[in-house]
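Residue numbers start from 1 in every chain, and the chains themselves are labelled A, B, ... in the order their sequence lines are given, proteins ahead of strands. Just the heavy atoms: all of them, side chains too, but no hydrogens, waters or symmetry mates, feed the values below.
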Amino acid sequence: MNQDSTKISLTNRSKMVSNKKMTLIERFYLPAIFKGMSITMSHFFRKETTIQYPEVKRPFSDIYRGLHVLKLDDEGRERCTACGLCALSCPAEAITMIAAERKEDEKQLYREEKYASVYEINMLRCIFCGDCETACPKEAIFLTNRIVPSEYKRTNFIYGKDVLVEKADARVDVSKRQTPEVLEFKKDKTKSHNK
Amino acid sequence: MFKVTIDNKSIEVEPGTTILQAARMIGGDVVPPAMCYHSELKDSGGKCRSCMVRVAQGSAADPRPMPKLVASCRTEVMDGMVVENLTSPQVVDARKAVVEFLLLNHPLDCPVCDQAGECDLQNLSYENGTSVSRFEEEKRTYEKIDIGNLIQFHPNRCILCYRCVYAADQLTDKRTHGILYRGEKSEISTFIHQAVENDFSGNMIDVCPVGALTDKTFRFKNRVWFLKPMDAHRECTKCSGKATIWFRGDEVYRVTGRKDKYGEVHDFICNECRFEKKESADWTIEGPRKIESYSVINQNHYRNVVIPSVINPIKETME
(Lines give C-alpha, C1' and ligand atoms only; values in the text may rest on other atoms or scores of the structure.)
Protein backbone atom coordinates (compact mmCIF):
# COMPACT_ATOMS: atom_id res chain seq x y z
CA MET A 1 0.00 0.00 0.00
CA ASN A 2 1.22 3.45 -0.74
CA GLN A 3 0.68 6.70 1.16
CA ASP A 4 -2.31 7.93 -0.86
CA SER A 5 -4.62 5.13 0.16
CA THR A 6 -5.72 6.86 3.38
CA LYS A 7 -7.08 9.83 1.45
CA ILE A 8 -9.41 7.79 -0.74
CA SER A 9 -13.00 7.93 0.41
CA LEU A 10 -15.82 6.58 -1.70
CA THR A 11 -18.74 7.75 0.43
CA ASN A 12 -17.48 10.75 2.44
CA ARG A 13 -19.13 9.25 5.51
CA SER A 14 -16.04 8.05 7.34
CA LYS A 15 -15.53 9.55 10.79
CA MET A 16 -12.42 9.95 12.80
CA VAL A 17 -12.42 7.64 15.83
CA SER A 18 -11.74 9.56 19.05
CA ASN A 19 -9.77 7.89 21.74
CA LYS A 20 -10.42 10.32 24.57
CA LYS A 21 -10.59 9.19 28.19
CA MET A 22 -14.04 8.65 29.78
CA THR A 23 -15.13 10.85 32.68
CA LEU A 24 -15.88 9.37 36.11
CA ILE A 25 -19.68 9.34 35.58
CA GLU A 26 -19.26 7.72 32.23
CA ARG A 27 -17.14 5.05 33.79
CA PHE A 28 -20.01 4.08 36.16
CA TYR A 29 -21.95 3.08 32.95
CA LEU A 30 -25.27 3.32 34.87
CA PRO A 31 -26.66 6.44 33.13
CA ALA A 32 -25.94 4.80 29.75
CA ILE A 33 -27.60 1.56 30.85
CA PHE A 34 -30.75 3.41 32.01
CA LYS A 35 -30.85 5.35 28.78
CA GLY A 36 -30.66 2.15 26.75
CA MET A 37 -33.18 0.30 28.90
CA SER A 38 -35.68 3.15 28.63
CA ILE A 39 -35.61 2.81 24.86
CA THR A 40 -36.15 -0.94 25.18
CA MET A 41 -38.99 -0.51 27.68
CA SER A 42 -40.74 2.08 25.55
CA HIS A 43 -41.11 -0.59 22.84
CA PHE A 44 -43.21 -2.74 25.24
CA PHE A 45 -46.01 -0.21 25.00
CA ARG A 46 -45.97 0.21 21.26
CA LYS A 47 -48.22 -1.60 18.80
CA GLU A 48 -47.13 -5.19 18.15
CA THR A 49 -45.62 -5.77 14.75
CA THR A 50 -45.31 -9.56 14.84
CA ILE A 51 -48.23 -11.87 14.25
CA GLN A 52 -48.48 -15.53 15.21
CA TYR A 53 -48.42 -16.90 11.67
CA PRO A 54 -50.26 -20.21 11.39
CA GLU A 55 -53.05 -19.07 13.75
CA VAL A 56 -53.24 -15.49 12.54
CA LYS A 57 -52.88 -14.57 8.88
CA ARG A 58 -52.24 -11.20 7.33
CA PRO A 59 -54.75 -10.01 4.78
CA PHE A 60 -53.46 -10.79 1.29
CA SER A 61 -53.62 -8.44 -1.63
CA ASP A 62 -56.08 -9.54 -4.30
CA ILE A 63 -53.25 -9.64 -6.78
CA TYR A 64 -50.74 -11.41 -4.54
CA ARG A 65 -48.47 -13.62 -6.63
CA GLY A 66 -48.31 -17.06 -5.04
CA LEU A 67 -48.87 -20.65 -6.09
CA HIS A 68 -49.88 -21.04 -9.74
CA VAL A 69 -53.13 -22.50 -10.96
CA LEU A 70 -53.87 -24.04 -14.36
CA LYS A 71 -57.43 -23.02 -15.10
CA LEU A 72 -60.23 -25.07 -16.55
CA ASP A 73 -62.78 -23.37 -18.78
CA ASP A 74 -66.52 -23.17 -18.09
CA GLU A 75 -67.06 -26.70 -19.38
CA GLY A 76 -64.28 -28.16 -17.28
CA ARG A 77 -61.77 -28.56 -20.08
CA GLU A 78 -58.13 -27.67 -19.57
CA ARG A 79 -57.30 -24.35 -21.16
CA CYS A 80 -53.55 -24.95 -21.52
CA THR A 81 -52.44 -25.90 -25.03
CA ALA A 82 -48.75 -26.31 -24.21
CA CYS A 83 -47.76 -23.43 -26.46
CA GLY A 84 -44.60 -22.93 -24.44
CA LEU A 85 -44.85 -19.16 -24.10
CA CYS A 86 -44.84 -19.32 -20.29
CA ALA A 87 -41.66 -21.38 -20.36
CA LEU A 88 -40.16 -18.97 -22.88
CA SER A 89 -41.00 -15.90 -20.83
CA CYS A 90 -39.93 -17.45 -17.53
CA PRO A 91 -36.78 -15.62 -16.40
CA ALA A 92 -35.91 -18.40 -13.97
CA GLU A 93 -36.55 -21.21 -16.46
CA ALA A 94 -38.77 -22.93 -13.94
CA ILE A 95 -41.43 -24.23 -16.32
CA THR A 96 -41.21 -27.32 -18.52
CA MET A 97 -43.90 -29.11 -20.45
CA ILE A 98 -44.50 -31.95 -22.86
CA ALA A 99 -47.27 -31.57 -25.38
CA ALA A 100 -49.55 -34.28 -26.67
CA GLU A 101 -52.30 -34.55 -29.22
CA ARG A 102 -55.88 -34.82 -28.03
CA LYS A 103 -57.63 -38.06 -28.93
CA GLU A 104 -61.17 -38.13 -30.29
CA ASP A 105 -62.63 -39.31 -26.96
CA GLU A 106 -60.83 -36.63 -24.90
CA LYS A 107 -62.71 -33.64 -26.23
CA GLN A 108 -64.39 -33.03 -22.89
CA LEU A 109 -60.99 -32.95 -21.15
CA TYR A 110 -58.96 -30.57 -23.28
CA ARG A 111 -60.01 -27.39 -24.97
CA GLU A 112 -57.83 -27.60 -28.06
CA GLU A 113 -56.18 -30.10 -30.35
CA LYS A 114 -52.99 -30.00 -28.34
CA TYR A 115 -52.62 -30.17 -24.58
CA ALA A 116 -49.87 -30.44 -21.99
CA SER A 117 -49.48 -34.06 -20.96
CA VAL A 118 -46.76 -33.02 -18.52
CA TYR A 119 -46.57 -29.56 -17.03
CA GLU A 120 -44.08 -28.91 -14.28
CA ILE A 121 -43.06 -25.84 -12.35
CA ASN A 122 -40.00 -25.96 -10.16
CA MET A 123 -41.07 -23.89 -7.18
CA LEU A 124 -37.49 -23.51 -5.98
CA ARG A 125 -36.60 -21.81 -9.23
CA CYS A 126 -39.78 -19.79 -9.56
CA ILE A 127 -39.44 -16.15 -8.50
CA PHE A 128 -43.21 -15.47 -8.70
CA CYS A 129 -42.80 -12.61 -11.15
CA GLY A 130 -46.03 -13.40 -12.99
CA ASP A 131 -44.49 -13.26 -16.47
CA CYS A 132 -46.05 -16.65 -17.30
CA GLU A 133 -49.46 -15.20 -16.57
CA THR A 134 -48.75 -12.20 -18.80
CA ALA A 135 -47.45 -14.38 -21.62
CA CYS A 136 -50.30 -16.91 -21.60
CA PRO A 137 -52.49 -16.44 -24.69
CA LYS A 138 -55.15 -18.84 -23.44
CA GLU A 139 -55.78 -17.48 -19.93
CA ALA A 140 -54.65 -20.84 -18.63
CA ILE A 141 -52.09 -20.02 -15.97
CA PHE A 142 -52.61 -17.59 -13.13
CA LEU A 143 -50.80 -16.87 -9.91
CA THR A 144 -53.04 -17.00 -6.85
CA ASN A 145 -52.96 -15.79 -3.28
CA ARG A 146 -52.04 -19.24 -2.00
CA ILE A 147 -48.63 -19.91 -0.50
CA VAL A 148 -46.29 -22.66 -1.63
CA PRO A 149 -45.91 -24.79 1.50
CA SER A 150 -42.53 -25.81 2.87
CA GLU A 151 -41.23 -29.30 2.17
CA TYR A 152 -38.48 -31.56 3.41
CA LYS A 153 -37.24 -32.72 0.02
CA ARG A 154 -36.16 -30.65 -2.97
CA THR A 155 -37.89 -33.02 -5.39
CA ASN A 156 -41.21 -32.28 -3.74
CA PHE A 157 -41.00 -28.71 -4.99
CA ILE A 158 -41.43 -29.78 -8.60
CA TYR A 159 -45.16 -29.33 -8.95
CA GLY A 160 -46.90 -31.30 -11.66
CA LYS A 161 -50.35 -31.12 -13.14
CA ASP A 162 -51.86 -32.98 -10.18
CA VAL A 163 -51.24 -29.92 -7.99
CA LEU A 164 -51.41 -27.12 -10.51
CA VAL A 165 -54.63 -27.91 -12.38
CA GLU A 166 -57.65 -26.64 -10.50
CA LYS A 167 -60.27 -29.17 -9.46
CA ALA A 168 -63.61 -28.92 -11.22
CA ASP A 169 -65.43 -28.92 -7.87
CA ALA A 170 -63.04 -26.45 -6.19
CA ARG A 171 -62.52 -23.63 -8.64
CA VAL A 172 -59.95 -20.94 -7.94
CA ASP A 173 -61.31 -17.45 -8.45
CA VAL A 174 -58.89 -15.32 -10.44
CA SER A 175 -61.33 -12.65 -11.60
CA LYS A 176 -59.70 -10.07 -9.34
CA ARG A 177 -56.47 -10.50 -11.22
CA GLN A 178 -58.10 -9.51 -14.50
CA THR A 179 -58.68 -5.98 -15.67
CA PRO A 180 -62.27 -4.77 -16.24
CA GLU A 181 -61.50 -4.69 -19.98
CA VAL A 182 -60.60 -8.38 -19.97
CA LEU A 183 -63.67 -9.34 -17.98
CA GLU A 184 -65.81 -7.34 -20.40
CA PHE A 185 -64.16 -9.04 -23.39
CA LYS A 186 -64.77 -12.47 -21.90
CA LYS A 187 -68.51 -11.86 -21.97
CA ASP A 188 -68.44 -11.67 -25.77
CA LYS A 189 -69.14 -15.30 -26.65
CA THR A 190 -68.84 -14.71 -30.40
CA LYS A 191 -65.05 -14.45 -30.06
CA SER A 192 -63.36 -17.80 -30.58
CA HIS A 193 -61.24 -17.16 -27.50
CA ASN A 194 -64.34 -17.31 -25.30
CA LYS A 195 -66.15 -20.20 -26.92
CA MET B 1 -27.11 -2.36 -66.50
CA PHE B 2 -30.19 -0.62 -65.12
CA LYS B 3 -29.95 1.85 -62.26
CA VAL B 4 -32.82 1.54 -59.81
CA THR B 5 -33.44 3.53 -56.63
CA ILE B 6 -35.39 1.92 -53.81
CA ASP B 7 -36.10 4.00 -50.70
CA ASN B 8 -33.37 6.46 -51.75
CA LYS B 9 -30.79 3.69 -52.10
CA SER B 10 -29.45 3.04 -55.58
CA ILE B 11 -28.11 -0.10 -57.17
CA GLU B 12 -27.21 -1.20 -60.68
CA VAL B 13 -28.81 -4.48 -61.72
CA GLU B 14 -29.10 -6.66 -64.82
CA PRO B 15 -32.14 -6.07 -67.06
CA GLY B 16 -34.86 -8.57 -66.20
CA THR B 17 -34.32 -8.35 -62.45
CA THR B 18 -37.49 -7.79 -60.46
CA ILE B 19 -37.85 -4.97 -57.95
CA LEU B 20 -37.91 -7.51 -55.11
CA GLN B 21 -34.65 -9.09 -56.25
CA ALA B 22 -33.03 -5.66 -56.60
CA ALA B 23 -34.22 -4.75 -53.11
CA ARG B 24 -32.76 -7.96 -51.73
CA MET B 25 -29.44 -7.06 -53.35
CA ILE B 26 -29.48 -3.80 -51.40
CA GLY B 27 -30.69 -5.59 -48.27
CA GLY B 28 -31.87 -4.12 -45.00
CA ASP B 29 -35.17 -2.32 -44.48
CA VAL B 30 -35.84 -1.71 -48.16
CA VAL B 31 -36.68 -5.39 -48.78
CA PRO B 32 -40.45 -5.84 -49.12
CA PRO B 33 -41.86 -8.88 -47.31
CA ALA B 34 -42.89 -11.80 -49.51
CA MET B 35 -45.18 -14.69 -48.64
CA CYS B 36 -45.74 -16.41 -51.99
CA TYR B 37 -42.53 -15.54 -53.87
CA HIS B 38 -39.78 -18.16 -53.58
CA SER B 39 -36.53 -17.49 -55.42
CA GLU B 40 -35.96 -21.19 -56.21
CA LEU B 41 -39.44 -21.78 -57.62
CA LYS B 42 -40.05 -20.51 -61.13
CA ASP B 43 -43.27 -18.53 -61.69
CA SER B 44 -43.92 -18.19 -57.95
CA GLY B 45 -45.09 -14.82 -56.67
CA GLY B 46 -47.85 -12.39 -57.44
CA LYS B 47 -50.42 -14.11 -55.24
CA CYS B 48 -50.23 -12.69 -51.74
CA ARG B 49 -49.74 -8.98 -52.55
CA SER B 50 -47.69 -8.39 -49.42
CA CYS B 51 -44.69 -7.15 -51.46
CA MET B 52 -46.60 -4.21 -52.97
CA VAL B 53 -44.46 -1.11 -53.59
CA ARG B 54 -45.06 2.28 -55.16
CA VAL B 55 -43.16 3.13 -58.32
CA ALA B 56 -42.66 6.88 -58.10
CA GLN B 57 -40.87 7.09 -61.42
CA GLY B 58 -41.36 4.46 -64.11
CA SER B 59 -38.01 4.93 -65.83
CA ALA B 60 -35.57 7.61 -66.90
CA ALA B 61 -37.24 7.80 -70.31
CA ASP B 62 -40.79 8.00 -68.93
CA PRO B 63 -40.67 9.53 -65.46
CA ARG B 64 -44.40 9.26 -64.75
CA PRO B 65 -45.29 7.28 -61.62
CA MET B 66 -47.18 4.01 -62.04
CA PRO B 67 -50.90 4.55 -61.41
CA LYS B 68 -51.26 1.79 -58.80
CA LEU B 69 -49.08 -0.03 -56.36
CA VAL B 70 -47.28 -2.94 -58.03
CA ALA B 71 -46.28 -6.36 -56.80
CA SER B 72 -42.51 -6.05 -56.56
CA CYS B 73 -41.90 -9.79 -57.04
CA ARG B 74 -43.45 -9.67 -60.52
CA THR B 75 -42.42 -6.21 -61.75
CA GLU B 76 -39.14 -5.94 -63.60
CA VAL B 77 -36.96 -2.90 -63.12
CA MET B 78 -36.48 -0.22 -65.75
CA ASP B 79 -33.49 2.07 -66.08
CA GLY B 80 -33.85 5.04 -63.74
CA MET B 81 -36.80 3.56 -61.86
CA VAL B 82 -37.53 5.08 -58.47
CA VAL B 83 -39.33 2.79 -56.03
CA GLU B 84 -40.77 3.64 -52.63
CA ASN B 85 -41.23 0.90 -50.10
CA LEU B 86 -41.44 2.00 -46.47
CA THR B 87 -41.00 5.66 -47.35
CA SER B 88 -44.44 5.72 -48.95
CA PRO B 89 -47.37 5.89 -46.49
CA GLN B 90 -49.55 4.44 -49.24
CA VAL B 91 -47.48 1.25 -49.25
CA VAL B 92 -47.53 0.96 -45.46
CA ASP B 93 -51.30 1.36 -45.53
CA ALA B 94 -51.79 -1.15 -48.31
CA ARG B 95 -49.61 -3.69 -46.59
CA LYS B 96 -51.64 -3.34 -43.42
CA ALA B 97 -54.74 -4.08 -45.46
CA VAL B 98 -53.08 -7.09 -47.11
CA VAL B 99 -52.21 -8.52 -43.71
CA GLU B 100 -55.79 -8.02 -42.61
CA PHE B 101 -57.03 -9.86 -45.70
CA LEU B 102 -54.59 -12.72 -45.24
CA LEU B 103 -55.72 -13.10 -41.64
CA LEU B 104 -59.46 -12.98 -42.42
CA ASN B 105 -59.79 -16.73 -42.56
CA HIS B 106 -56.59 -17.65 -40.80
CA PRO B 107 -57.54 -19.44 -37.59
CA LEU B 108 -54.89 -17.70 -35.40
CA ASP B 109 -54.18 -20.93 -33.59
CA CYS B 110 -50.50 -20.08 -33.17
CA PRO B 111 -50.39 -21.61 -29.65
CA VAL B 112 -51.25 -24.97 -31.23
CA CYS B 113 -49.46 -24.54 -34.55
CA ASP B 114 -46.04 -26.13 -35.05
CA GLN B 115 -44.95 -23.36 -37.40
CA ALA B 116 -45.17 -20.71 -34.68
CA GLY B 117 -41.80 -19.10 -34.16
CA GLU B 118 -40.66 -19.52 -37.75
CA CYS B 119 -43.84 -18.48 -39.51
CA ASP B 120 -43.69 -15.90 -42.29
CA LEU B 121 -47.26 -14.84 -41.63
CA GLN B 122 -46.47 -14.21 -37.96
CA ASN B 123 -43.52 -12.04 -38.96
CA LEU B 124 -45.56 -10.22 -41.60
CA SER B 125 -48.44 -9.41 -39.28
CA TYR B 126 -46.11 -8.53 -36.42
CA GLU B 127 -44.22 -6.03 -38.56
CA ASN B 128 -46.98 -4.69 -40.77
CA GLY B 129 -50.34 -5.57 -39.30
CA THR B 130 -52.52 -4.36 -36.48
CA SER B 131 -53.10 -6.13 -33.20
CA VAL B 132 -56.87 -6.20 -33.50
CA SER B 133 -59.21 -7.78 -36.02
CA ARG B 134 -62.29 -6.09 -37.41
CA PHE B 135 -63.63 -9.33 -38.83
CA GLU B 136 -66.83 -10.37 -37.07
CA GLU B 137 -68.15 -13.12 -39.30
CA GLU B 138 -67.50 -16.82 -38.98
CA LYS B 139 -64.14 -17.85 -40.34
CA ARG B 140 -64.15 -20.17 -43.32
CA THR B 141 -63.28 -23.71 -42.24
CA TYR B 142 -62.56 -26.89 -44.11
CA GLU B 143 -62.92 -30.55 -43.35
CA LYS B 144 -59.60 -32.03 -42.29
CA ILE B 145 -58.10 -34.30 -44.93
CA ASP B 146 -55.34 -36.84 -44.61
CA ILE B 147 -52.82 -36.29 -47.39
CA GLY B 148 -50.24 -38.86 -46.28
CA ASN B 149 -48.46 -40.29 -43.29
CA LEU B 150 -45.56 -37.83 -43.34
CA ILE B 151 -47.19 -34.46 -43.82
CA GLN B 152 -49.93 -33.00 -41.68
CA PHE B 153 -52.23 -30.71 -43.63
CA HIS B 154 -54.27 -27.95 -41.99
CA PRO B 155 -56.44 -26.43 -44.72
CA ASN B 156 -57.71 -23.65 -42.46
CA ARG B 157 -54.25 -22.15 -42.09
CA CYS B 158 -53.53 -22.08 -45.84
CA ILE B 159 -53.15 -18.65 -47.47
CA LEU B 160 -53.15 -20.07 -51.02
CA CYS B 161 -49.65 -18.95 -51.91
CA TYR B 162 -49.23 -21.82 -54.43
CA ARG B 163 -45.66 -22.42 -53.27
CA CYS B 164 -46.28 -26.10 -52.54
CA VAL B 165 -47.90 -26.55 -55.95
CA TYR B 166 -44.89 -25.07 -57.71
CA ALA B 167 -42.56 -27.11 -55.53
CA ALA B 168 -44.35 -30.33 -56.43
CA ASP B 169 -44.38 -29.37 -60.10
CA GLN B 170 -40.74 -28.38 -60.30
CA LEU B 171 -39.05 -30.80 -57.92
CA THR B 172 -40.97 -33.95 -58.79
CA ASP B 173 -42.23 -35.45 -62.01
CA LYS B 174 -45.72 -36.11 -60.75
CA ARG B 175 -47.84 -33.69 -58.76
CA THR B 176 -50.69 -35.26 -56.82
CA HIS B 177 -52.16 -32.23 -55.10
CA GLY B 178 -53.32 -28.86 -56.24
CA ILE B 179 -55.76 -26.03 -55.76
CA LEU B 180 -59.37 -27.02 -56.29
CA TYR B 181 -62.33 -24.72 -56.94
CA ARG B 182 -62.17 -20.98 -57.45
CA GLY B 183 -62.11 -17.68 -55.63
CA GLU B 184 -63.20 -17.74 -52.04
CA LYS B 185 -63.87 -21.49 -52.22
CA SER B 186 -60.38 -22.45 -53.41
CA GLU B 187 -58.56 -24.98 -51.34
CA ILE B 188 -55.52 -27.22 -51.48
CA SER B 189 -56.51 -30.83 -51.82
CA THR B 190 -55.49 -34.20 -53.18
CA PHE B 191 -58.94 -35.60 -54.10
CA ILE B 192 -57.64 -39.02 -53.06
CA HIS B 193 -56.67 -39.47 -49.44
CA GLN B 194 -53.05 -40.24 -48.56
CA ALA B 195 -51.99 -39.46 -52.12
CA VAL B 196 -48.83 -37.50 -51.38
CA GLU B 197 -46.03 -40.01 -51.30
CA ASN B 198 -43.33 -38.62 -53.57
CA ASP B 199 -39.79 -38.88 -52.27
CA PHE B 200 -39.36 -35.10 -52.27
CA SER B 201 -42.79 -34.26 -50.88
CA GLY B 202 -41.27 -33.13 -47.58
CA ASN B 203 -40.06 -29.94 -49.24
CA MET B 204 -43.64 -28.75 -49.31
CA ILE B 205 -43.28 -28.32 -45.54
CA ASP B 206 -40.26 -26.08 -45.99
CA VAL B 207 -41.73 -23.92 -48.74
CA CYS B 208 -45.04 -23.45 -46.91
CA PRO B 209 -44.85 -19.95 -45.41
CA VAL B 210 -47.52 -20.74 -42.81
CA GLY B 211 -48.38 -23.83 -40.78
CA ALA B 212 -50.66 -25.41 -43.36
CA LEU B 213 -48.17 -28.17 -44.16
CA THR B 214 -46.20 -29.41 -41.18
CA ASP B 215 -44.02 -32.38 -40.34
CA LYS B 216 -46.13 -35.21 -38.95
CA THR B 217 -43.14 -36.83 -37.28
CA PHE B 218 -42.52 -33.57 -35.40
CA ARG B 219 -46.16 -32.83 -34.67
CA PHE B 220 -46.51 -31.31 -31.19
CA LYS B 221 -43.14 -32.75 -30.21
CA ASN B 222 -41.64 -29.43 -29.21
CA ARG B 223 -41.70 -25.73 -29.86
CA VAL B 224 -39.08 -24.56 -32.34
CA TRP B 225 -37.64 -21.99 -29.97
CA PHE B 226 -36.67 -24.66 -27.46
CA LEU B 227 -34.63 -26.47 -30.10
CA LYS B 228 -31.08 -25.78 -31.17
CA PRO B 229 -30.57 -25.68 -34.94
CA MET B 230 -27.31 -27.08 -36.29
CA ASP B 231 -26.07 -27.18 -39.86
CA ALA B 232 -25.29 -30.73 -40.85
CA HIS B 233 -24.81 -32.82 -43.95
CA ARG B 234 -24.73 -36.48 -44.90
CA GLU B 235 -23.91 -38.53 -47.96
CA CYS B 236 -27.17 -38.95 -49.80
CA THR B 237 -27.64 -40.45 -53.23
CA LYS B 238 -30.93 -38.64 -53.84
CA CYS B 239 -30.35 -35.10 -52.63
CA SER B 240 -27.64 -32.66 -51.62
CA GLY B 241 -27.82 -33.94 -48.04
CA LYS B 242 -27.40 -30.40 -46.69
CA ALA B 243 -29.86 -29.84 -43.90
CA THR B 244 -30.49 -28.14 -40.60
CA ILE B 245 -31.09 -30.54 -37.75
CA TRP B 246 -32.88 -29.38 -34.64
CA PHE B 247 -31.59 -30.69 -31.33
CA ARG B 248 -32.84 -30.68 -27.82
CA GLY B 249 -30.05 -32.05 -25.72
CA ASP B 250 -28.61 -34.91 -27.78
CA GLU B 251 -31.90 -35.83 -29.35
CA VAL B 252 -32.71 -34.87 -32.95
CA TYR B 253 -36.29 -33.62 -33.04
CA ARG B 254 -36.54 -32.79 -36.69
CA VAL B 255 -34.63 -32.23 -39.90
CA THR B 256 -35.39 -29.34 -42.26
CA GLY B 257 -33.81 -27.68 -45.23
CA ARG B 258 -31.56 -24.69 -44.63
CA LYS B 259 -33.74 -21.61 -44.64
CA ASP B 260 -32.06 -18.32 -45.44
CA LYS B 261 -33.05 -15.01 -43.89
CA TYR B 262 -36.04 -14.73 -46.20
CA GLY B 263 -37.27 -18.16 -45.11
CA GLU B 264 -36.33 -19.78 -48.42
CA VAL B 265 -34.63 -23.13 -48.85
CA HIS B 266 -32.06 -23.42 -51.62
CA ASP B 267 -30.89 -27.02 -51.12
CA PHE B 268 -33.94 -29.23 -51.20
CA ILE B 269 -33.63 -32.49 -49.30
CA CYS B 270 -35.26 -35.87 -49.79
CA ASN B 271 -37.75 -37.55 -47.51
CA GLU B 272 -35.23 -40.10 -46.33
CA CYS B 273 -32.98 -37.38 -44.92
CA ARG B 274 -35.92 -35.46 -43.52
CA PHE B 275 -38.02 -38.13 -41.89
CA GLU B 276 -35.85 -41.18 -41.31
CA LYS B 277 -32.42 -39.94 -40.28
CA LYS B 278 -33.16 -38.80 -36.76
CA GLU B 279 -30.00 -39.95 -35.06
CA SER B 280 -27.13 -37.51 -34.60
CA ALA B 281 -24.82 -40.34 -35.73
CA ASP B 282 -26.38 -40.14 -39.20
CA TRP B 283 -25.12 -36.61 -39.69
CA THR B 284 -21.85 -34.71 -39.88
CA ILE B 285 -22.39 -31.59 -37.79
CA GLU B 286 -20.94 -28.41 -39.26
CA GLY B 287 -21.85 -25.97 -36.52
CA PRO B 288 -24.71 -23.91 -35.15
CA ARG B 289 -27.12 -22.50 -37.68
CA LYS B 290 -27.19 -18.72 -37.79
CA ILE B 291 -30.72 -17.49 -37.19
CA GLU B 292 -31.73 -13.88 -37.70
CA SER B 293 -31.35 -11.95 -34.47
CA TYR B 294 -35.00 -10.88 -34.30
CA SER B 295 -36.21 -14.49 -34.34
CA VAL B 296 -37.67 -16.03 -31.22
CA ILE B 297 -35.43 -19.04 -31.87
CA ASN B 298 -32.55 -16.85 -30.72
CA GLN B 299 -34.29 -16.11 -27.44
CA ASN B 300 -32.01 -16.76 -24.45
CA HIS B 301 -29.07 -17.60 -26.72
CA TYR B 302 -26.21 -15.21 -26.30
CA ARG B 303 -23.64 -14.85 -29.03
CA ASN B 304 -20.62 -12.56 -29.33
CA VAL B 305 -21.12 -11.30 -25.81
CA VAL B 306 -18.65 -8.59 -24.83
CA ILE B 307 -18.06 -8.54 -21.09
CA PRO B 308 -17.92 -4.86 -20.06
CA SER B 309 -14.78 -3.81 -18.26
CA VAL B 310 -15.56 -2.63 -14.74
CA ILE B 311 -14.38 0.85 -13.84
CA ASN B 312 -12.73 0.49 -10.47
CA PRO B 313 -10.99 3.65 -9.21
CA ILE B 314 -9.17 1.93 -6.38
CA LYS B 315 -8.04 -1.05 -8.45
CA GLU B 316 -4.55 0.33 -8.96
CA THR B 317 -4.09 1.39 -5.35
CA MET B 318 -5.27 -2.02 -4.20
CA GLU B 319 -2.52 -3.61 -6.22
Side-chain angles (χ1 to χ4, degrees), chain A residues 1-11 14 77-104 106 110-119 131-132 135-141 181 185 188-195, chain B residues 103-119 122 131-141 144 152-154 156-157 211 214-227 248-249 251 253 295-301 311-319:
Chain A
M1 266 204 180
N2 59 24
Q3 279 305 100
D4 293 340
S5 61
T6 52
K7 285 181 190 169
I8 289 172
S9 166
L10 293 173
T11 57
S14 56
R77 301 169 298 179
E78 279 178 27
R79 297 188 75 105
C80 177
T81 66
C83 70
L85 290 182
C86 47
L88 182 74
S89 67
C90 183
E93 300 189 358
I95 304 177
T96 52
M97 69 191 67
I98 295 172
E101 190 172 354
R102 179 184 67 182
K103 306 245 173 10
E104 268 307 305
E106 294 174 332
Y110 309 110
R111 203 154 182 263
E112 310 226 6
E113 223 180 332
K114 186 172 79 159
Y115 69 95
S117 61
V118 176
Y119 190 102
D131 275 6
C132 47
C136 185
K138 293 287 173 190
E139 290 187 73
I141 189 164
E181 290 81 13
F185 171 77
D188 183 358
K189 295 292 174 192
T190 60
K191 294 275 188 291
S192 63
H193 181 84
N194 300 328
K195 272 178 194 160
Chain B
L103 293 178
L104 279 190
N105 287 310
H106 195 76
L108 295 178
D109 56 351
C110 306
V112 177
C113 180
D114 276 330
Q115 188 88 359
E118 52 175 17
C119 177
Q122 266 186 334
S131 56
V132 288
S133 166
R134 294 183 289 169
F135 191 61
E136 288 171 353
E137 288 74 19
E138 279 285 307
K139 295 204 178 210
R140 179 190 59 192
T141 49
K144 219 175 203 179
Q152 180 75 33
F153 177 50
H154 304 268
N156 295 339
R157 294 179 190 153
T214 52
D215 189 339
K216 225 174 203 175
T217 58
F218 177 64
R219 184 163 158 81
F220 301 160
K221 286 280 186 306
N222 218 316
R223 307 298 279 173
V224 287
W225 55 81
F226 294 131
L227 304 178
R248 181 154 193 185
E251 206 176 329
Y253 271 76
S295 170
V296 69
I297 299 169
N298 270 335
Q299 192 82 24
N300 300 340
H301 295 192
I311 302 162
N312 188 348
I314 56 170
K315 194 183 171 204
E316 278 174 25
T317 50
M318 298 277 276
E319 289 159 357

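In terms of heavy atoms, B:P111 sits closest to A:P137 at CG-CG, 3.8 Å. A:E113 and B:F220 get closest at one heavy-atom pair: O-CE1, 4.0 Å. Annotation for B:F226 and A:L88: closest pair CZ-N, 4.0 Å, computed over non-hydrogen atoms.
When heavy atoms are compared at a cutoff of 4.5 Å, A:E112 approaches chain B solely by way of its side chain, counted from C-beta outward. Neither the backbone nor the side chain of B:E136 comes within contact range of chain A, judged by heavy atoms closer than 4.5 Å. Contacts between A:A82 and chain B at a heavy-atom distance below 4.5 Å involve the backbone alone (N, CA, C, O).
In this structure, the side chain of A:K114 does not engage the main chain of B:R219 through any donor-acceptor pair within 3.5 Å.
The neighbour count for B:E137 CD, taken as heavy atoms of other residues, nucleotides or ligands under 6.0 Å away, is above 12.
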